[in-house]
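Before any comments, here is the structure.
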Amino acid sequence: MAKYSSRPYAITLLGIVLLVFLAWLNPGRFSAVAPGVAAPNFQARDLDGQVVELEDHQGKVVMVNIWATWCAPCLEEMPSIERLYKEFHSSGLEIMAVSVDAEAGQVDASRNQLGGDIQAFGDSLSLTFPLLHDPSGAIAELYKTTGVPETFVIGRDGVIYKKVAGGTEWDAPEHKDLVRRLLEVTE
């Protein structure tokens, strides 16, 4: 008859108890930033070096897009963000496109990519919405992103209504309908 040790089970149980205790001590650290919760405020710098915060756009519909110049899906989705911005900006849509690129020529927060030229990236796509920069990756950490691009659509009430991990066509009918409803735009 084989003899089994209860030691691995005790160690596993102790680990679970420790994780629960840590989560209890740090309630916000392990909670998801997802639809239905208030969007955390953050600060980033625009390409002129001015500080911009999410709270600056209180009462507006805001799309927070976390991206990088080296990210192929980011490059693919940016033109659709521009089209969405052009269609709805005058009705109250703001775009906060936050690049997590390191400073040009440096290593970024994930330590695996070189920083790109954000202005040149925006110019190459004729983007008219503001491009922001967070080389520290603090905003990606605050929003608990899993990569780039990752986008959060925030209503006038400051609540996140949609989260999309990965690239998408932002001017597709379902996204436009959501923005239209959040803006209460009638055609």
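As the structure is a prediction and not an experimental result, all values here were calculated from the model.
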Looking at side-chain heavy atoms only, is the closest gap between [X] and [Y] below 4.5 Å?
X	Y	answer
D101	H133	yes
I154	V159	no
V52	Q43	no

[X]: partners by ring-ring contact (aromatic ring centres under 6.0 Å, His included), with sequence neighbours left out:
X	answer
H57	none
Y85	H89, F129
Y143	F42, F152

Return yes if some donor-acceptor pair links the side-chain N/O of [X] with the main-chain N/O of [Y] below 3.5 Å, else return no.
X	Y	answer
D134	V98	no
R156	Q58	no
E150	T146	yes
S136	A138	yes

Audit row: F121, W67, ring-ring contact (aromatic ring centres under 6.0 Å, His included) steps and yes/no: CA-CA 11 Å; F121 180 92; W67 65 282; 4.7 Å; yes
Shortest non-hydrogen contact from [X] toward [Y]:
X	Y	result
A68	V100	CB-CG2, 4.2 Å
L54	P40	CD2-O, 3.4 Å
I160	A39	CG1-CB, 3.8 Å
G167	P149	N-CG, 3.5 Å

Evaluation steps, side-chain contact (heavy atoms from CB on, under 4.5 Å), between D46 and L131: CA-CA 6 Å; D46 66 17; L131 298 176; over 6 Å; no
[X] [atom1] to [Y] [atom2] distance, which is reported to the nearest 0.5 Å:
X	Y	atom1	atom2	value
Y161	L178	OH	CG	9.5 Å
E53	L132	CD	CG	12.0 Å
M63	L93	CE	CG	7.5 Å
K162	T151	NZ	OG1	10.5 Å
D123	I118	CG	CD1	12.0 Å
K176	L84	NZ	CG	8.0 Å

Of all pairs that satisfy salt bridge (charged side-chain N to carboxylate O under 4.0 Å, His left out), the ones with a partner from residues 74-85, not counting sequence neighbours: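 Qualifying pairs, neighbours excluded: E82-K86, R83-E169, R83-D171.
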Salt bridge (charged side-chain N to carboxylate O under 4.0 Å, His left out) contacts in which one or both residues fall within residues 54-71, not counting sequence neighbours: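 Qualifying pairs: K60-E94.
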Sequence-distant partners of D48, salt bridge (charged side-chain N to carboxylate O under 4.0 Å, His left out), two or more places apart: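 D48 satisfies salt bridge (charged side-chain N to carboxylate O under 4.0 Å, His left out) with no other residue.
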